[in-house]
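Inspection log for the structure reproduced underneath, given as structure tokens.
Note on naming: letters A, B, ... go to the chains in the order of the sequence lines (proteins, then strands), and numbering restarts at 1 for each one. Model, not experiment: these values are computed from the prediction.
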Amino acid sequence: MQNPHVDLETEKWHISSLWGPMMGSTFRGRHAHFADDYFLKLSCCWFPGNFLFLKVEPCFFASFCSPPRIKDEPDDDGFYASPKEDSKPLKRPREDDDLLVLTHLFKGGGNTVACSNKFLLILQDSKAKKVKSKDKKVPEADKRKKPKKEEEQKWKWWEEERYPEGIKWKFLEHKGPVFAPPYEPLPENVKFYYDGKVMKLSTKAEEVATFFAKMLDHEYTTKEIFRKNFFKDWRKEMTSEEKSTITNLSKCDFTHMSQYFKAQSEARKQMSKEEKQKIKEENERLLKEYGYCVMDNHKERIANFKIEPPGLFRGRGNHPKMGMLKRRIMPEDIIINCSKDSKIPAPPPGHKWKEVRHDNKVTWLVSWTENIQGSIKYIMLNPSSRIKGEKDWQKYETARRLKKCVDKIRNQYREDWKSKEMKVRQRAVALYFIDKLALRAGNEKEEGETADTVGCCSLRVEHIKLHPELDGQEYVVEFDFLGKDSIRYYNKVPVEKRVFKNLQLFMENKQPEDDLFDRLNTSILNKHLQDLMEGLTAKVFRTYNASITLQQQLKELTNPDDNIPAKILSYNRANRAVAILCNHQRAPPKTFEKSMMNLQSKVPPPAQLRGSRAPSAASQETVESKKKAVQRIEEQLMKLEVQATDREENKQIALGTSKLNYLDPRISVAWCKKWGIPIEKIYNKTQREKFAWAIDMAEEDYEF
DNA sequence: GCCAATACTTAGGAAAATTTAG
DNA sequence: CTAAATTTTCCTAAGTATTGGC
């Protein structure tokens, strides 16, 4: 189908016999009954440029989904099959070259703009826009109902066949990134002082100075490294006169600038409703125009379509580069990735892209090189997109394959503790830590380029202490190190004697700053894991242990007799067990104590409960209503107590990270179905979008 | 085997939005 | 209504893992 102009004549009989149901009830559904054994899938979506497409695609009813493909993943492995289909599941073909796609205007015989082989038959007509704008106005009156239509139109990519290994898409079109707004010079009356005297800065120097001024309240602007890095980079932006005048950061007075920004942000808060509305609308317009792309016939949300604005770099923890200037990204820095046959995004007037490439082996739309670490940054799709969702699903399938062989692997590494080879022993002990404690792999990092943090393979002697006996336990290892994001990992763990002895051996004749596993790195470890199971890497253990823990904990903690809030507390506790395992911490909220007090004060005093109990003399009706009142209050009390407990236990623990990245969502979905918990109690809107695949496919008997 | 480059996932905190309390 | 509390979203840093060239 190379010819982009599709002759519709031959298809006419399809259309005419379809038209009635299509415009009628079946328009709202996904499948139109066309003949006894034949269905047409209808779907509709908006494209940039404001066209509504209605897509018509033949399909067999029983053709449901395929599991995510992992190289040679056995087919018997935990995929979801349609309940209607027990024998070999037919895979619904990917929407592809020979699709027939029509706008709803076809009937009217609009202006035909047939499109490329893989794409669409577009019928462009002013009516399309009319319908669109009408649609847009409706929500004003009917905002609450709006989601219904959208929900029904959601594309179930998980019911479709996957692409061959390595190919990420066939068609990709987008509008390019949104750049940071240009610098707006300060008003004349906002002054910068050097050595007590007013000094007018050049625009470039002033811009960088504002970055510092905006951070003045932060503790890190007092740090030696921050100030040194900042000052060095700031001077690069100065004119030669400025450079010769401004030689000492301590003589710089940014306070006036800082006050100005505070006033600005205060003013922003005080803005009228209309002004706020205007800003909101502008953001929505931006999102609508740049926030989506078309990837393989579907409009998909982009995660980060805005280019990171310039500013001062502040890494996490004790970062050697804190305070450095993160430079402004220009179109000339940008590499665009899209299809050859797509409309290539235009660079801003007077500018050029660094490069436009057409690489469908990668998922990113835009990339640039950042100047602090020299690393590449990408614009990619939202977690709700097919390309991210498929990968996520696959991740959990890999973890489930590990479940099947984890016992074997555990036996293996226990054997390896006795190996003659030092390398093998180190590998086995490291793997034991990764498995038991859910430690991260621990790649090597370039010294002096980043904060000093470690993972398993990069642990140093100074990070552990060995206690032959501690608090009545034998062979205790005390871990104390900074992990990812400089979050402290502190744990005292009793280990098996062999592990303990091995650790003693590894530490012999070493300095505190020497590597604990000097014969090991992540690449050696992962190569070994690859031999044990296809697709196995160190991080799969984290996923596996997190998910299996959630499943076990849910089984253990859920009390069938509990009401919904109590069951949710159990869920959160199971989630919490995982977060603790993965060491997902957070700074306790600033208002924690106070909000805890507030909660306590809301608990109705016991007197209220007792007082509600009616004396026996009361009429039957009164007794009943009083009883109900008591019940209501008790329920309320219970809810508050549960809430208080939950919050207290959660003080320093972040549940979000594990929920989003480590827990197979099908476990949660199944649990909700089993106990009649609405999914909204567990997942918010974003999370439901990300996990749409799991919500759609998992039944209550799902086993991880 | 080693290194640099690349691509992609995971992470906590800040800011914005929404909800609740007063 | 306003303000405070809480939740959600945004932001982008910081990890993991693979690959390809030597």
**OP:** Measure from the side chain of A/Trp364, starting at C-beta and using heavy atoms only, and say which of B/dA11, C/dT16, B/dC8 lies closest.
**Re:** B/dC8
Subject >> Distance in angstrom units between A/Tyr683 OH and C/dT8 C1', rounded >> reply: 16 Å
Subject >> Nearest to side-chain heavy atoms of A/Asn684, which nucleotide of B/dC8, C/dT12, C/dT8 >> reply: C/dT8
**OP:** Please figure out whether A/Gln373 or A/Thr537 has its closest DNA chain C nucleotide nearer the 5' end.
**Re:** A/Gln373
Subject >> Check: A/Phe211 and A/Met215 side chains under 4.5 Å, non-hydrogen atoms >> reply: no
**OP:** Counting heavy atoms from C-beta on, name the nucleotide in C/dT12, B/dT10, C/dT16 closest to the side chain of A/Asn443.
**Re:** C/dT16
Original post:
Do any side-chain nitrogens or oxygens of A/Ser375 fall under 4.0 Å of OP1 or OP2 in C/dA14?
Top reply: no
**OP:** For A/Lys423 and for A/Asp485, find the nucleotide of DNA chain B with the closest heavy atom, then tell me which residue's nucleotide is more 5'.
**Re:** A/Lys423
Original post:
How many Å lie between OH on A/Tyr396 and P on B/dT9, as a whole number?
Top reply: 12 Å
Original post:
Just checking, is any N or O donor in the side chain of A/Thr453 or A/Lys445 under 3.5 Å from an acceptor N or O on the other one?
Top reply: yes
Subject >> Interface residues of residues 572-582 of chain A with DNA chain B (non-hydrogen, below 4.0 angstrom) >> reply: none
Original post:
Counting any heavy atom closer than 4.0 Å, what does A/Gly483 reach on the DNA or RNA strands: base, sugar-phosphate only, or nothing?
Top reply: sugar-phosphate
Original post:
In Å, rounded to the nearest 0.5 Å, how long is the span from CZ of A/Phe541 to CG of A/Leu437?
Top reply: 13.0 Å
**OP:** Could you tell me whether the side chains of A/Thr537 and A/Asn526 share a donor-acceptor contact shorter than 3.5 Å?
**Re:** no
**OP:** Side chain of A/Val362 only, please: which of B/dC8, C/dT8, C/dT16 is the nearest?
**Re:** B/dC8
**OP:** Nearest-nucleotide wise, let me know which of A/Ile376 and A/Ile524 is further upstream toward the 5' end of DNA chain B.
**Re:** A/Ile524
Original post:
Would you say a side-chain N or O of A/Thr453 is under 4.0 Å from OP1 or OP2 of C/dG15?
Top reply: yes
Original post:
If each of A/Val540 and A/Gly315 is mapped to the nucleotide of DNA chain C with the nearest heavy atom, which maps nearer the 5' terminus, i.e. the 5' end?
Top reply: A/Gly315
Original post:
Between B/dT10, C/dG15, C/dT18, which nucleotide has the shortest distance from any of its atoms to the side chain of A/Gln530?
Top reply: C/dT18
Original post:
Contact class for A/Pro309 (heavy atom, under 4.0 Å): base, sugar-phosphate, or nothing?
Top reply: sugar-phosphate
Original post:
A/Lys168 has an atom NZ; how far is it from atom C1' of C/dT18, in whole Å?
Top reply: 11 Å
**OP:** Looking at every strand, decide which applies to A/Gly656 at a 4.0 Å heavy-atom threshold: base, sugar-phosphate, or nothing.
**Re:** nothing
Subject >> Polar side chain donor-acceptor pair, A/Asp435 to A/Asn545, under 3.5 angstrom >> reply: yes
Subject >> Pair A/Gln394, A/Asp392: side-chain N/O donor-acceptor within cut-off below 3.5 Å >> reply: no
**OP:** Mind calculating the distance between CD (A/Gln687) and C1' (C/dT8) to the nearest angstrom?
**Re:** 9 Å
**OP:** Indicate yes or no: does A/Arg316 engage A/Asp485 in a salt bridge with an N to O separation below 4.0 Å.
**Re:** yes
Subject >> N or O in side chain of A/Lys326 less than 4.0 angstrom from C/dA13 OP1/OP2 >> reply: yes
Original post:
Below 6.0 angstrom between ring centroids: does that apply to A/Phe305 and A/Tyr290?
Top reply: no
Subject >> Phosphate OP1/OP2 of C/dG15: any A/Lys445 side-chain N/O under 4.0 Å >> reply: yes
Original post:
Taking N and O atoms by type only, does the side chain of A/Lys484 place a donor or acceptor under 3.5 Å from a partner on the base of B/dT10?
Top reply: yes
Subject >> Side chain of A/Thr363 - closest among C/dT8, B/dC8, C/dT12 >> reply: B/dC8
**OP:** Report the relative orientation of the aromatic rings in A/Phe254 and A/Phe230; use parallel for angles under 30°, tilted for 30 to 60°, perpendicular for over 60°.
**Re:** perpendicular
**OP:** Using only heavy-atom distances, determine whether the side chains of A/Ser658 and A/Asn575 contain a donor-acceptor pair under 3.5 Å.
**Re:** yes
Can you check nucleotides 20-22 of chain C for protein contacts, nitrogen or oxygen pairs under 3.5 Å, and list what you find?
none

Original post:
Where the side chain of A/Glu308 is concerned, which of C/dA13, C/dA17, B/dA11 is the nearest nucleotide?
Top reply: C/dA13
Original post:
Any ion pair linking A/Lys326 and A/Glu308 (charged N to carboxylate O, less than 4.0 Å)?
Top reply: yes
Subject >> Minimum-distance nucleotide (side-chain atoms of A/Met380 versus B/dA11, B/dA7, C/dA13) >> reply: B/dA7
Original post:
The side chain of A/Tyr662 lies closest to which of these nucleotides: B/dA11, B/dC8, C/dT18?
Top reply: B/dA11
**OP:** Give the rounded distance in Å between these two atoms: CD1 of A/Ile372 and C1' of C/dA14.
**Re:** 14 Å
Any N/O pairs under 3.5 Å between the protein and nucleotides 13-16 of chain B? List them or say none.
residue	atom	partner	partner atom	Å
B/dG13	OP2	A/Ala587	N	3.4

Original post:
Has the side chain of A/Lys659 got a donor or acceptor atom that lies under 3.5 Å from a matching backbone atom of A/Ile682?
Top reply: yes
Subject >> OP1 or OP2 of C/dA13 under 4.0 Å from side-chain N/O of A/His319 >> reply: no
Subject >> Min side-chain heavy-atom separation A/Phe481-A/Arg488 under 4.5 Å >> reply: no
Original post:
Would A/Glu281 and A/Asn283 count as a side-chain hydrogen bond (donor to acceptor under 3.5 Å, both in side chains) if you check the C-alpha gap in whole Å, the side-chain angles of each, and the deciding distance to 0.1 Å?
Top reply: CA-CA 5 Å; A/Glu281 274 167 20; A/Asn283 285 338; over 6 Å; no
